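Just so you know, these numbers use all the heavy atoms, side chains as well, and skip hydrogens, waters and symmetry mates. Note that the coordinates shown come from a computational prediction; the quantities given were computed from them, not determined experimentally.
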Number of protein chains: 2
Amino acid sequence: MKLLVIEDEQGIRENIVNYFNEDGNICESCDCLSAAIDKLAVFDYDCVLLDIGLPDGEGFAVLEYLQKQIKNEAVLIISARNSLNDKLKGLNVGADDYLTKPFHLAELKARVVAIYRRRTFNSNNNLVFNEISINLPGRTVQVNQIQITLTRKEYDMLLYFIANKGKVISKNAIAEHLWGDEMDMHNNFDFIYTHIKNLRKKLLDANSNDYLKSIYGIGYKFMAE
Amino acid sequence: MKLLVIEDEQGIRENIVNYFNEDGNICESCDCLSAAIDKLAVFDYDCVLLDIGLPDGEGFAVLEYLQKQIKNEAVLIISARNSLNDKLKGLNVGADDYLTKPFHLAELKARVVAIYRRRTFNSNNNLVFNEISINLPGRTVQVNQIQITLTRKEYDMLLYFIANKGKVISKNAIAEHLWGDEMDMHNNFDFIYTHIKNLRKKLLDANSNDYLKSIYGIGYKFMAE
DNA sequence: TTTTAGCTTCAGTATTTCTTCATATTTATA
DNA sequence: TATAAATATGAAGAAATACTGAAGCTAAAA
């Protein structure tokens, strides 16, 4: 999962980032509204963890920005305030959930996972596309009822493709989604080629259709019909 | 055991929480209906201790919520009212037991344990998974009818794995479950490796199948089937 | 006090995954 | 069709993660 933490208190911010990164997620962060908007304008995230009280304004501005841009990031508000008003305001402008400080990292993570599942998966926690079925809690992938074993990057890639099936995904977007924004790749996409190749091979070996289409000069598209 | 206490009177609530936590349980609490629903939406509990008279509504709403969500938390109602009507209403909407205030903490605990056993274990108080059989009251484990001796950490780990069989469990989640969330482990999982190793060895020495699978970069999964 | 069991730490090793690189193939376009 | 750029591939090196056995530590038991 790829996450963005918007939180001005350094301690809290770093705790959250470390906690998620240890689990194999890509978690980025920033400490003010303007940096947040900058990031969101350029990158896509699965979920944004948003503090309301920021040095340069209220976090609600992020929600409004996302709505205006028709971005579909999930948003979980983290806030010191626990008034019903703030909570309702946040949920009204499009937040998915609300958590009051102080909180346990485990609870934060449980909520993020819950939001993500609600958005992405069906009621059985399975993301199904034709002969491919992904089970999130078990981190397993089945093709034609037969289980295949994917590495972390392959799994993340497949999930990303299926979540965006039918859309052309640029190589930069893939890199950004799998490695985060500190990844400097000055036009070298060799590792993407390699992971694509390996993922393709595993899927084809399991008699999947050839959904992974290369778009010359741009990136890839996971064919949906 | 993981419990949730829903009770608005602070004194009673804290007494219950402390009493259960001293026994090595994980006992959380909240003081109103909406906070309770928030928690139940995200977390799973073994048993919910539910007060009926809450500031923002009747506790019965929790029972209805659990039924609607098809969650299978056990529920014990704690209430000042002891009218037959209320009792019947509670049991009708799915409560497992009913206790009238005032009560002794020892009685509360006895009832919770009774409910938990009734729900989780077969008639012999055993939690059985294939050739592994765990006896909760005795904290003993048998593999293929032969008893093996586990340390506290190993036992807790095994129980946690079997309770979450089929799901990938992150090392952070394991650490939290075994040591609590204050445990600061900045990327050092050596002790988890050690306990996993020891648990594995004991199970394999007793001719158990190799259920404990490592998920590279993430954590572990106890294979179900 | 001594002994012991269990927990944690550590260093060395093994394994898995990620990245790089050299080479081959495909594609766009001049 | 020729050329250059982009993409694909297999193999190998590098890095990250996991495993192991042993040793030290701690707290409870004898």
Exercise. Stepwise, does the ring pair (Phe, Tyr, Trp, His ring centres under 6.0 Å) test hold for A/Phe161 with A/Tyr211?
Worked result: CA-CA 10 Å; A/Phe161 274 124; A/Tyr211 295 115; over 10 Å; no

Problem set entry | Side-chain-base donor-acceptor pair under 3.5 Å for B/Tyr216 and D/dA16 | yes

For this session: Name the nucleic acid region contacted by A/Thr194, choosing base, sugar-phosphate or nothing; use a 4.0 angstrom heavy-atom cut-off, strictly under.
Result: base

Exercise. D/dT7 phosphate, OP1 or OP2: any side-chain N/O from A/Tyr193 under 4.0 angstrom?
Worked result: yes

For this session: May I ask you to check whether over 12 heavy atoms, not counting those of B/Arg139, lie within 6.0 Å of atom CZ?
Result: yes

Exercise. Using a cut-off of 4.0 Å on non-hydrogen atoms, how would the nucleic acid contact of B/Tyr220 be classed: base, sugar-phosphate, or nothing?
Worked result: sugar-phosphate

Problem set entry | Salt-bridge present (B/Lys101, B/Asp51; N to O < 4.0 Å) | yes

Exercise. So what does A/Lys153 touch, heavy atoms closer than 4.0 Å: a base, only the sugar-phosphate, or nothing?
Worked result: sugar-phosphate

Exercise. Does OP1 or OP2 of C/dG6 have a side-chain N or O of B/His195 closer than 4.0 Å?
Worked result: no

For this session: Assign A/Leu178 to base, sugar-phosphate, or nothing according to its heavy-atom contacts below 4.0 angstrom with the strands shown.
Result: nothing

Exercise. What does B/Ile215 touch in the nucleic acid at a heavy-atom separation under 4.0 angstrom: a base, only the sugar-phosphate, or nothing?
Worked result: sugar-phosphate

For this session: Give a yes/no answer on whether the side chain of A/Ser214 brings an N or O atom under 4.0 Å of OP1 or OP2 in D/dA8.
Result: yes

